[in-house]
**Q** 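The structure that follows is given in the form of structure tokens.
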Amino acid sequence: MKPFQPAEIEAAAQAAWTAADAYRATEKPGAKKFYCVSMLPYPSGKLHMGHVRNYTINDVMYRHLRMNGWNVLMPMGWDAFGLPAENAAMKNGIAPAKWTYDNIATMKKQMQAMGLAIDWSREVAACDPGYYKWNQWLFLKMLERGIAYRKTQVVNWDPVDRTVLANEQVIDGRGWRTGAVVEKREIPGYYLRITDYAEELLAYLDRMPGWPERVKTMQANWIGKSQGVRFAFTHDIRDAAGKLIGDGRMYVFTTRADTIMGVTFCAVAPEHPLAAHAAASNPKLAAFVDECRRGSVMEADLATMEKKGMPTGLVVIHPLTGAKVEVWVGNYVLIGYGDGAVMGVPAHDERDLAFAQKYGLPVRQVIAIDGESFSATAWQPWYEDKQRGKCVNSGKYDGLPYAGAVDAIAADLAAKGQGEKQTTFRLRDWGISRQRYWGTPIPIVHCNDCGTVPVPEKDLPVVLPEDCIPDGTGNPLNKREDFLRVDCPRCGKPARRETDTMDTFVDSSWYYMRYTCPDAKTMVDGRNDYWMPMDQYIGGIEHAILHLLYARFWTKVMRDLGLVKIDEPFTRLLTQGMVLNHIYSRTGAGGGVEYFWPDDVLNVHGDDGRIVGAKLKSDGSRVDYGGLGTMSKSKNNGVDPQALIDKYGADTARLFVMFASHPEASLEWSDAGVDGAHRFLKRLWTFAQARKDTVRSAAGAFDWRDAAPAVKAARRELHLTLKQADYDYERVQYNTVVSAAMKMLNALEAVPADAAGAAALAREGLSMLIRVLYPVVPHTGWGLWQALGFATAHGDLLDAKWPAVDPAALVQDEIELVLQINGKLRGKLVVPAAADKAAIEAAAKAAPEVAKHTAGAAVKKVVVVPGRLVNVVV
RNA sequence: GCCGGGAUGGCGGAACUGGUAUACGCAGCAGACUCAAAAUCUGCCGGCCGCAAGGCCAUGCGGGUUCGAUUCCCGCUCCCGGCACCA
């Protein structure tokens, strides 16, 4: 008997697939096509568990659908531009290009070792000029149409390295390399008008039944459509030249126009013209404005920082009451949102109340709710309740509910020419300029005479030099004269190339279309119309908002340019959960943090059983427990899939990752269980080899009516389990598909080998089991299919027909119902399968358990759920 | 802080539309085989009480709806993801 040797089987299976060019997909008009894509990986060095999980899900889907007759395409590519390559370059002195290409080679080899059904003829890398040329081309089209435009953006500035920092490079408000306090700085950059598509991006969410509700909710909230009122406070504040600042108007936006009568102060951003005006004659205020410039631009930082303010000494006039309202500078007011100024209504906004209490500002109640009392000092959530309140202390608006008050107030503001209703979106335009080297060059030339000039289409691509090595002090392209020097496309005089590159989200916004026609002479061609929209997209939940929203936007722009005929790119979306592992660290005396590999520590538990810390196995010294987090190299908590593959083979790794949890749930890593997965494969292999001759001899037809009772029971179990597995495949719950395969083997093993029909059942059962499990463990499936001689009967397993449930195998004469009394399980009831409700009720009333537990009390009600249970209520 | 999600035995998890909670596997315990170990096989395996029959409790915590709640509703706790320059 041939022992289970994964390395040998996997090599043979992969060689066979390669020889047959088994995964090359072609456009077959008329055939039912299925286009499934995994979010393309960043080539960080080696595959990690998240990749293995992602691609295995995709591969299982591919093989299952292909066996069910679909024309399936599964491509792969590389998100090859990005910051990590520059970081690696700084650390190792290797050019980002070389580092990236080396990583791609390594990771491609690992994917091939996993046995993934990838059509490699369609491979795309974002750093290939043949790809990013089309980023540049579409950018120029967007410029022509006004979808792309230039304006200032606020960035994190490291004053020591004199460079722009990514949010990731800011730690506790300081630059990660220099430790210098980061400053906000305004610089020019290019934006894409995603806000022009906000309405459509929101509306189409309702037409996307194949997307998880949670993702659609997140996107809808992110787009954040809200109705409100934009209105002006007037003033007579003039600059040094005597000119009215802002034409004497300070605009604010509010979604709570019904509370305007409760305004007791206003706050403006530190960069607001009124703040600048006041600061010019007030050194203390100038110092405060300067202080506000420090810190990062991250929203999470801004939202959690201490709210601070300072009075400007300026007043503006309330548009409805005519009252004077103090203007403050607030560090929490952002110049980039709306008009950079907000109204303060402490009585009905929790954050305004905190601010008012801190600085002794008045609180004025203007909304009341029947039955609830109001306190100007203690916050109650109902103060913010739009639906229950009515206006009070609001003059002519008293008694109006939310909607009525908003309408009346908006009308009065409009009549004065001081305000109007407005729909706003939380969504902001997409800033794509990055002051970094390793990305798609933005195809713009700066000319002293002509200003910013687009590169003509015929000169594309603007090729990125591949031999730069960044040193952390800014974009190395600024030192590359051969790249910088160019003649102005408009006037022909010497000019200078733009050195900013594009956000890597541009690369990932349309790569899945280039897969369909990687050699097209245009951005996409007719092949794209065959494969798109994508039938199934699979990737991490962390991409639920940004990447997916940008890709949807990009698709709509391509549609409006006539490049594609679709409105949405992804029909079905599967957001796989994160692969998590414990994080252990220790902060050294110098402030540096050292991370420890989870296998090297032992947990220390607190009284409540929670992990409170850990000890190093090597010397028993204490390390801190940092909770669960995504596996990452920087946290030193990654599990190397290659080690699993080397030790057990790819199929064990695939089986374990699929079995460990539901694809959409996060997966808490644990080494235990990998052995179990391997043991199961070995058990299956051994069982099938032992039945080899039996299976081959039982090729003829068998009349199941002649089977022994144990064989009939096992056959019923097999077909029931197959039915369950079919359902689980359909709903992409692959963990229970694996369970189903295990149950099938358990059922087959339990049948006595000499029972009537045992040989026929072994043949039918193994043939079924191998096919059901094949998508998960294709190498083992391939090996067994051949060993049992099925190859000649069905052709190659990859294109073998999916097994069918035999309804006759499921039929039974009697069924077992659960007997409940007052909702508690008290016994079982066996009734004929055909029994009707009345018969079941009668049988239940006659059951001894009922007499015992009701103790003669009158039966009030009997609930009968056919096929499931009877509940007797007394 | 805001938005989204999660919590089920010692562990990973299952339970489809409100209907037997803990399928399947891991770990553990006992036994078989073996000189022995490994491997393999068989059995047991949520907690408490009980000789047993059986009973009670249990799906993060506190309430509610229902004949019946892991599932629906309200209020919490903790954890995870995202927050626009990590990808």
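Throughout, a chain's letter reflects where its sequence line sits, starting with A, and its residues are numbered from 1.
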**Q** Across the strands shown, which category fits A:K860 at heavy-atom distances under 4.0 angstrom: base, sugar-phosphate, nothing?
**A** nothing

**Q** Choose from B:rC16, B:rC86, B:rG25 the nucleotide whose nearest atom is closest to any side-chain atom of A:R731.
**A** B:rC16

**Q** Look at all strands and tell whether A:V215 reaches a base, only sugar-phosphate, or nothing, counting heavy atoms closer than 4.0 Å.
**A** nothing

**Q** Among A:V732, A:L573, A:N54, find the one that has a side chain to side chain contact (heavy atoms under 4.5 Å, CB included) with A:I538.
**A** A:N54

**Q** What nucleic acid atoms does A:R434 come within less than 4.0 Å of, heavy atoms only: base, sugar-phosphate, or nothing?
**A** base

**Q** With rounding to the closest Å, how many angstrom separate the C1' atoms on B:rU70 and B:rG18?
**A** 11 Å

**Q** Would you tabulate the pairs of protein nitrogen or oxygen atoms and nucleotide nitrogen or oxygen atoms of nucleotides 26-29 of chain B closer than 3.5 angstrom?
**A**
residue, atom, partner, partner atom, Å
B:rC26, OP1, A:R679, NH1, 3.0
B:rA27, OP1, A:R679, NH2, 3.4

**Q** Counting heavy atoms from C-beta on, name the nucleotide in B:rC41, B:rG19, B:rA84 closest to the side chain of A:V865.
**A** B:rG19

**Q** Is there a side-chain contact between A:T152 and A:I187, using heavy atoms and a 4.5 Å cut-off?
**A** no

**Q** Looking for any heavy atom pair under 4.0 Å, which part of the strands does A:A660 touch: base, sugar-phosphate only, or nothing?
**A** sugar-phosphate

**Q** With heavy atoms under 4.0 Å as the rule, sort A:L83 into base, sugar-phosphate or nothing.
**A** sugar-phosphate

**Q** Looking at the base of B:rC67, is there any donor atom on it, or on the side chain of A:N871, that sits under 3.5 Å from an acceptor on the other one?
**A** yes

**Q** For RNA chain B, whose closest nucleotide is more 5', that of A:V154 or that of A:S739?
**A** A:S739

**Q** For a quick check of understanding: with a heavy-atom distance under 4.0 Å over all strands, which category does A:R428 fall into, base, sugar-phosphate or nothing?
**A** base

**Q** With rounding to whole Å, what would you report as the distance between B:rC83 and B:rG68 at their C1' atoms?
**A** 42 Å

**Q** For A:V164, answer base if it contacts any base atom (sugar-phosphate contacts may also be present), sugar-phosphate if it contacts only those atoms, and nothing otherwise; contact means non-hydrogen atoms under 4.0 Å.
**A** base

**Q** For B:rG63, does the O4'-C1'-N9-C4 or O4'-C1'-N1-C2 angle fall within 90° of 0, making it syn, or is it anti?
**A** anti

**Q** Between A:F659 and A:F680, does the ring centroid distance fall short of 6.0 Å?
**A** no

**Q** With a non-hydrogen cut-off below 4.0 angstrom, is A:F659 in contact with a base, only sugar-phosphate, or nothing?
**A** base

**Q** Under 4.0 Å, counting only non-hydrogen atoms across every strand here, what does A:R426 touch: a base, just sugar-phosphate, or nothing?
**A** base

**Q** What does A:V873 touch in the nucleic acid at a heavy-atom separation under 4.0 angstrom: a base, only the sugar-phosphate, or nothing?
**A** sugar-phosphate

**Q** Nearest of B:rC24, B:rA21, B:rA84 to any side-chain atom of A:L825?
**A** B:rA21

**Q** Starting the side chain at C-beta, find the nucleotide from B:rC83, B:rG81, B:rC24 nearest to A:M742.
**A** B:rC24

**Q** Grab the CG-C1' distance between A:L655 and B:rG13 for me, whole Å please.
**A** 14 Å

**Q** When you check the gap from the basic side-chain N to the acidic O, do A:E841 and A:K837 get nearer than 4.0 Å?
**A** no

**Q** Where does the angle between the aromatic ring planes of A:H51 and A:H48 fall among parallel (under 30°), tilted (30 to 60°) and perpendicular (over 60°)?
**A** parallel

**Q** Taking any heavy-atom pair under 4.0 Å as a contact, classify A:L817: base, sugar-phosphate, or nothing.
**A** nothing

**Q** Can you tell me the distance, in whole Å, between the CZ atom of A:R214 and the P atom of B:rG6?
**A** 7 Å

**Q** Output the single nucleotide from B:rG19, B:rC86, B:rA84 whose closest atom is nearest the side chain of A:W222.
**A** B:rA84

**Q** For A:Q724, answer base if it contacts any base atom (sugar-phosphate contacts may also be present), sugar-phosphate if it contacts only those atoms, and nothing otherwise; contact means non-hydrogen atoms under 4.0 Å.
**A** base

**Q** Check the side chains of A:Q435 and A:D500 for a donor-acceptor pair under 3.5 angstrom, ignoring hydrogens and angles.
**A** yes

**Q** Can you confirm whether or not the ring centre of A:Y734 sits under 6.0 Å from the ring centre of A:Y729?
**A** yes

**Q** Using the closest heavy atom to pick a nucleotide of RNA chain B for each, name whichever of A:T217 or A:A665 lands nearer the 5' end.
**A** A:T217

**Q** With no angle test and no hydrogens, is the base of B:rC2 tied to the side chain of A:E299 by a donor-acceptor pair under 3.5 Å?
**A** no

**Q** Measure from CE on A:M658 to P on B:rA14 and round the result to the nearest Å.
**A** 13 Å

**Q** Base, sugar-phosphate or nothing for A:F505? Non-hydrogen atoms, less than 4.0 Å.
**A** base

**Q** Counting heavy atoms from C-beta on, name the nucleotide in B:rA84, B:rC80, B:rG4 closest to the side chain of A:M298.
**A** B:rA84

**Q** What's the closest nucleotide to the A:H543 side chain, out of B:rA84, B:rG81, B:rA87?
**A** B:rA87

**Q** Side chain of A:K682: nearest nucleotide among B:rU20, B:rA87, B:rA39?
**A** B:rA39

**Q** Parallel, tilted or perpendicular: which one describes the rings of A:F81 and A:W438, with boundaries at 30° and 60°?
**A** perpendicular

**Q** Please report the distance, rounded to the nearest Å, between CG in A:N221 and C1' in B:rG5.
**A** 13 Å

**Q** Rounded to whole angstroms, how far apart are CD on A:Q733 and C1' on B:rG13?
**A** 10 Å

**Q** Can you tell me how far C1' of B:rC83 sits from CD1 of A:I223, to the nearest Å?
**A** 15 Å

**Q** Could you check whether the rings of A:F553 and A:W430 sit parallel, tilted or perpendicular, using 30° and 60° as the cut-offs?
**A** perpendicular

**Q** Could you state the CH2-P distance from A:W430 to B:rC83, rounded to the nearest angstrom?
**A** 15 Å

**Q** Among B:rG13, B:rA84, B:rA87, which nucleotide has an atom closest to any side-chain atom of A:S661?
**A** B:rG13

**Q** Mind calculating the distance between CG (A:N746) and C1' (B:rU42) to the nearest angstrom?
**A** 13 Å

